[in-house]
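A quick write-up on the structure given underneath.
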Amino acid sequence: IKVRGAIQDITELKKAEERLKRSEDKFRTLFEKAGLGIVLGDTQTLTIHTANAEMERFLGYGPGELAGKDLDSITHPEDLGKDLDQFYGVAAGELPQYYQEKRYIRKDGGVVWGGLTATMMPDENGELTLGVGMVNDITWRKEAEEKLKQSEAMLRETGRITRVGGWEYDVGSSQGYWSEQVFEIHGMEPGDTPSYERCMEFFHPKDREILIAANKRAMEDGEPYDLELRMTTAQGKDIWARAICKPVLENGKVLKLKGTFQDITERKQAEDALKRSEELLNQTGRIARIGGWEHDLITGKATWTQETYNIIELEQDEPPGPGEHLDYYPPQSRALLAAALEKAVTEFEPFDLELECTTAKGKRIWARAIGKPVVEDGKCVKMRGAFQDITERKQAEKALKSSEERYRRLAENAPDVIYRMSLPDGTYEYVSPASLNILGYAPEEFYANPLLIQEVIHSDWRDYFEREWTKVLKGDMEPY
């Protein structure tokens, strides 16, 4: 009996098998426990061979439900073309791997974002027919990017509407940054931010000095600023701009300057127009001796125009409130105004009164007070109106009345007939009492019948009188 055999050293083979087993165990552990989705697919049929639990969770499938699924069934249609182009490049050996951020279709039809890294791995026969994809869930990042994109778009639109942009200046590197709107305000196309020196050249010489000094304090002392400055754009247009700066400090040292830059030309023009309007109003008020006033019944705050202060001879300070201003009127006028104010507030009835008034310096004047209630939700919340010095008019009326009284006394005691006639209608405004004694007609008879004068004149003179009187009425001759 013979025993023949062979002994072969398979130590290396066993080691290789052990290494392979450990490698497979590691891959299995990685496949099963990885925090990102892993899918193995057939490069020929483009179907899923297997997927790990994280990939199933990512796409909302149960265990084993992804196996046999077509790759295009889980890929968003808009991303499929680009995905396949790169996949075929890897399968053909043209690319070792590729990375793509793409949208996936979940089992419930929802859309999620994944960062896919894809490559090839050999099958059990060593053929590169097996594709492996590792997918990281980036949905939250894409949603955040989309929200940021929307926010930036809204910010740009807001900046476009309000003509405001942002800027930044790095003190250490002397590098600046402008947003698109800042470039637009300067009349420039977006690009490299101009140097600090060039930026300063845009401003009006006097305003440039102010800005340079403010920047120096901001960089050295961390002092913020808010300035309104004149400048000329790159296209030669003169505008107004508001520059706001807030220094960024670290350990007491200024690292950066950040701020906003706004085109306030329209506001400045409106302010100038308002100023001119107020100047015209004040000038008109000075000429007509008329001012304006407003009393807020909710806050108790009063507002007067400059001419109202002038009329009352009061220094421009906080004007008297709704009740205090009554102290400038004597008792009778005060009572009239108080009653009118009460009626305006309770019954919403406006008023227009002529009142005696005493100024802050004790001067007696006449004033016209006009008031109108402002009603909101059935309640008077404010009183607004005008206040006019009518002293000269009152004095003129008084003088006229006195003159008319003197004229009347003279006419009534005169031995001759005195009359006053309104032209061109020829009616009598006044006939003295002497008409009764001289002409035999009382004044009232002439008032009732203006043609009565024709009966008084002798017939021989009537034609002449009518001709001459017609000339008077037409203005062809001086009255006689």
Side-chain angles (χ1 to χ4, degrees), residues 162 226-228 240 242 264 266-398:
T162 60
D226 186 342
L227 301 173
E228 295 185 354
W240 276 89
R242 182 184 182 189
I264 58 170
E266 290 185 0
R267 196 201 82 197
K268 280 293 187 178
Q269 290 173 342
E271 288 176 353
D272 289 343
L274 177 61
K275 184 178 179 181
R276 290 193 298 270
S277 177
E278 289 178 343
E279 289 175 351
L280 180 60
L281 179 63
N282 288 333
Q283 183 178 5
T284 304
R286 284 193 298 272
I287 295 172
R289 295 289 286 164
I290 186 169
W293 58 271
E294 178 180 279
H295 288 162
D296 190 317
L297 303 182
I298 305 300
T299 64
K301 181 178 176 59
T303 304
W304 287 3
T305 64
Q306 180 60 50
E307 192 56 28
T308 303
Y309 283 99
N310 295 341
I311 294 171
I312 297 296
E313 295 186 314
L314 189 68
E315 294 296 326
Q316 189 163 0
D317 198 358
E318 191 71 22
E324 298 170 350
H325 73 95
L326 292 172
D327 295 339
Y328 290 105
Y329 300 90
Q332 186 176 358
S333 293
R334 184 187 310 157
L336 287 173
L337 182 55
L341 284 169
E342 177 67 21
K343 200 167 185 179
V345 172
T346 57
E347 301 178 23
F348 314 144
E349 185 174 319
F351 60 82
D352 188 341
L353 302 173
E354 294 185 356
L355 306 164
E356 287 187 282
C357 179
T358 303
T359 70
K361 296 182 179 180
K363 181 182 177 182
R364 295 294 293 269
I365 65 170
W366 275 91
R368 182 184 181 189
I370 301 174
K372 183 179 180 181
V374 178
V375 181
E376 293 180 3
D377 299 326
K379 182 180 179 181
C380 181
V381 295
K382 290 180 181 180
M383 287 295 302
R384 289 175 180 159
F387 190 76
Q388 184 178 16
D389 183 349
I390 59 171
T391 307
E392 290 185 0
R393 198 200 81 196
K394 281 291 187 179
Q395 290 172 344
E397 289 175 352
K398 184 178 180 181

side-chain hydrogen bond (donor to acceptor under 3.5 Å, both in side chains) against Glu349, all qualifying residues, sequence neighbours excluded: none
With salt bridge (charged side-chain N to carboxylate O under 4.0 Å, His left out) as the rule and sequence neighbours excluded, what pairs involving residues 374-385 come up? Glu294-Lys382, Glu294-Arg384
Closest heavy-atom pair and its distance - [X], [Y]:
X      : Y      : value
Phe387 : Cys357 : CZ-SG, 4.4 Å
Ala360 : Leu314 : CB-CD1, 3.9 Å
Leu326 : Leu341 : CD2-CD1, 4.3 Å
Tyr329 : Glu356 : CD2-O, 3.2 Å
Leu353 : Ala340 : CD1-CB, 3.7 Å

Do Lys275 and Glu271 meet the salt-bridge criterion of a basic N to acidic O distance under 4.0 Å? no
Reported [atom1]-to-[atom2] distance for the pair [X] and [Y], which is rounded to 0.5 angstrom:
X      : Y      : atom1 : atom2 : answer
Asp352 : Gln388 : CG    : CD    : 9.5 Å
Ile311 : Ile390 : CD1   : CD1   : 10.5 Å
Asp327 : Thr358 : CG    : OG1   : 10.5 Å
Ile365 : Gln395 : CD1   : CD    : 10.5 Å

Are any side-chain N or O atoms of Ser333 and backbone N or O atoms of Leu355, one a donor and one an acceptor, separated by less than 3.5 Å? no
Would you confirm whether Trp293, through its side chain, and Ala386, through its main-chain N or O, come within 3.5 Å as a donor-acceptor pair? yes
Does CD belonging to Glu392 count more than 12 external heavy atoms closer than 6.0 Å? no
Lys268 atom NZ, neighbour heavy-atom count above 12 within 6.0 Å: yes
Under a 4.5 Å cut-off applied to non-hydrogen side-chain atoms, are [X] and [Y] in contact?
X      : Y      : value
Glu228 : Arg267 : yes
Pro350 : Ile370 : no
Lys372 : Phe348 : no

Non-neighbouring partners of Trp366 that pass ring pair (Phe, Tyr, Trp, His ring centres under 6.0 Å), sequence neighbours left out: none
Derivation of the side-chain contact (heavy atoms from CB on, under 4.5 Å) call for Phe351 and Met383: CA-CA 11 Å; Phe351 60 82; Met383 287 295 302; 3.7 Å; yes
Please tell me whether Asn310 and Glu307 have a donor and an acceptor in their side chains that are separated by less than 3.5 angstrom. yes
